[in-house]
**Q** 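Sharing a structure, written as C-alpha cells. Questions coming.
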Amino acid sequence: MGNYRMVESDHDVALEDTDRIHGRTALVNNVKAASSLAGAIRSTLGPKGLDKMLVDGDGTALVTNDGVTVLEKANVEHPTARLLIDASSSQDRSARDGTTTTVLLVAEMLQNALELVRMGVHPSIIVNGYSIALEESISEIERVSRESDEVQRSQVVKTSLQGKGDSSICGLIANLAVEAANGLVGTEGGDDLERMVVKRLQIREGSVMDSSLVNGLMLLKSRVDATSPANSEGGVVAIIDWGLEQPKLEANASIEVSSLGVLQEFHERSRENMQKQVEHLASLGIDLLIVRDGIADEAITQLTEAGIVAYRRFERDDMDLLSRISGAKPARNASALGMGDLGTYSKRSEESIADVKHTIIEGDGVGMTLVVRGSSPAVREEAIRIFDDAIGVAHRLNSRPGILPGGGAIQSHLARHLRPFSQTQSGREQLAIEAYASALESIPRILAENAGRDPVEVILSLSADQKKSGAWIGFDLQRGENCDMAEMGILDTEFVVKHALSGATEAAIGVLRIDDVLWARTDPSTPDWEGEDED
Ligand code: ADP
Ligand code: MG
C-alpha cells in the first residue's frame, strides 16, 4: 500500500509541516496540529463510530474504523502530529486497544493547556498539574477496578471489538480469542506470545460463522505416502530443515557417464545411500518425519517400510510451530539428527474439509490453529484482523485481569474525582488539574456525539447518576440511557485505560515541554502572540 492521504481536505491544511517557530506561536501551532489529527479520527470512536475512507496516490481506497490505521496510513509530517501518532502506535503495540482514545485525550489535554497559557499560566505549571492528575487518576482507577471472571473476560473483549465488524462475528471471534488466550496461561513468551503460537488457517469453504479453534498445528497437507497410516495416537517426531533427497545428476555430469553400467551403478549407490539415512532415522525410533523441502521418490517406500510417516514441503512457520508443540529441533539433514533433536507428539490425524485433506498434529507444547472459513478473502481477512485484536486483549487480560466500566464511565468518574481533589493542591496547579479533568470528559462527550446524542446532556446526566449510584454507571450507546456497565457487560480493560491515560499525558507533556524550552529563550514577561492566527 502506498501513502494515504486523508480524504477530508480541511484537516490537511493544518497537518502541513511547519518550521520551528518560537514562543507562544509554537504552542498554538502544535495544539492546532494535534486537534486536526484528533478531528480526523474523532468520528471513529465507539461502537457507533463511522468508518473512514483513505485514498492513496493511485486511487486505491481503504475503509477502516480503526483510529491507528487511519493515522499510520495518513501522510503526516508535522512533528507534533507524529508525536501523537507515536503515542497511538505505542498504545497499539502494548495494549492492542485504546488507540483512538489516546489521540483524542492528547488533543484535548493540549487544547485545555493552551487556554491556561493564554490566561498566563506557565507551561511548566501545567506539566506539574498534569503529572499530579495522572498519578491521582491511576490510583483512583485501581480503586474502582474489579477483577474479571470468565464471563466478563469475554464481555470485555467483545466491548473492545465494538464497531470493528458484524456483531455476531465479533461475538464468535471474541469467544475463540478468550479460549485461545486461556490455552496460553502459564506459557512463557511475553506479550507477543499470542502472535507466535496461534496459526491462522484460511479455508474457502463454509461460512465465517463456522470458524473454529483447533488444538495443535493444522495444515493443508497430507502424508507423502497414502499407504501409510492416516492417524496416530502419538510418538516420536523429527524435523529436517532441508530435504531428504539425492544430489542431482547434473546435465553436464551425464556426458561423462560413458556406459549404461556406470549410470546403473550410480542409481544403485544413491538408493543404498538413501536406505542408510532411513535406517538411521528408524534407529532413532522416529515414526513421524517432517521435511521442509522435498523427499526423494525412492525414500518414500523405504520410509513406509521402516514405519515412518512422512510429510514434505512444510512451510517454515508450520515447522516452527510444530517445533514448539513437540519440542523437536530442526536438523539440517537426516544424518545430522541425534536423540537430542527429537520431539514427541500426542496425536496426528487427517481430516477432509470440503474434499481437501488437512493434517492436525497435537502435542504437549502450546500451539493452536484458528481455522477461518468464509468464501471471500476479504471476509476471512477481516475475521483474522478482529481475532488479532481480540486475542491481544484476551491474552493480556489473563495476567492483568482488572476491568473498568466502559461507555465513558471511568473517564467521567475520574473527572468528578479530580475536581474536588484539585482543591487540595496548591495554587495554579489546581487549574491544570481541572483542565485535565475536562479533557477526560471528552471521551463520554465524543461517544455521545458519535451516537447522535446531545453531548452536554449526556455528560450532565451521567455525572448526576454516578454521584447517586457510583462509578460503574455509564452511558449505553445501544440503549441510549445510563445503566450499570457491569450488568450490561460494557467493560473496558484496566491496562488499556491506564496505558491510554499515561501515554496521552506523556505526549501532552512532551509537547508542552517543547514550548517551555522555547519560552525560556524569550523574555517570559512579554508573551509572543505575533504570528498566531486565530480562526
Ligand atoms: P479505541 O481505539 O480508543 O479503542 P473504540 O472505537 O474502540 O476506540 O471505542 C472505545 C470506546 O467505546 C470505549 O470507551 C468503550 O467503553 C466504548 N464503548 C464500546 N461499546 C460501547 C457501548 N455499547 N456503549 C457505550 N460505549 C461503548
Ligand atoms: Mg477499541
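Note that ligands are numbered from 1 as they come in the structure, with each ligand's atoms numbered from 1 the same way.
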**Q** Taking distance alone, with N or O pairs closer than 3.5 Å, would you say L477 contacts ligand 1?
**A**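 Between L477 and ligand 1, an N or O pair is found under 3.5 Å apart.
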**Q** Examine G98 against ligand 1 and note whether any of their N/O atoms are separated by less than 3.5 Å.
**A**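 There is such a contact, yes.
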**Q** Counting only heavy atoms, which portion of D492 has something under 4.0 Å from ligand 1: side chain, backbone, both, or neither?
**A**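 D492 to ligand 1: side-chain contact only, backbone stays beyond 4.0 Å.
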**Q** Counting backbone and side chain alike, does D97 bring an N/O/S atom below 2.8 Å of the Mg ion (ligand 2)?
**A**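 It does: D97 brings an N, O or S atom closer than 2.8 Å to the Mg ion (ligand 2).
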**Q** Heavy-atom contacts under 4.0 Å between T101 and ligand 1: side chain, backbone, both, or neither?
**A**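 Both backbone and side chain of T101 come within 4.0 Å of ligand 1.
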**Q** Hey, which atoms in ligand 1 end up nearer than 4.0 Å to a heavy atom of F475?
**A**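 Counting atoms of ligand 1 from 1, those under 4.0 Å from F475 are 24 (N), 25 (C).
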**Q** Is there a polar contact between ligand 1 and G407, counting only N or O atoms under 3.5 Å apart?
**A**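 Yes; the residue has a nitrogen or oxygen that sits under 3.5 Å from a nitrogen or oxygen of the ligand.
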**Q** Return yes or no for this condition: an N or O of T100 is under 3.5 Å from an N or O of ligand 1.
**A**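 T100 vs ligand 1: N/O contact under 3.5 Å present.
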**Q** Taking M485 as the fixed residue, which of I410, I403, D476 is the one that meets the side chain to side chain contact (heavy atoms under 4.5 Å, CB included) rule?
**A**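 It is D476; the other options fail the test.
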**Q** Which atoms of ligand 1 have any heavy atom of T44 under 4.0 Å away?
**A**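 Under 4.0 Å from T44, ligand 1 has these atoms: 6 (O).
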**Q** Looking at ligand 1, does any of its N/O atoms fall within less than 3.5 Å of an N/O of D97?
**A**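 Checking ligand 1 against D97, an N or O pair does fall under 3.5 Å apart.
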**Q** Does L45, backbone or side chain, put an N or O under 3.5 Å from an N or O of ligand 1?
**A**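 Looking only at distances, the answer is no, because the N/O contact criterion of under 3.5 Å is not met.
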**Q** Is ligand 1 under 4.0 Å from a heavy atom in the side chain of T102, in the backbone, in both, or in neither?
**A**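 Neither part.
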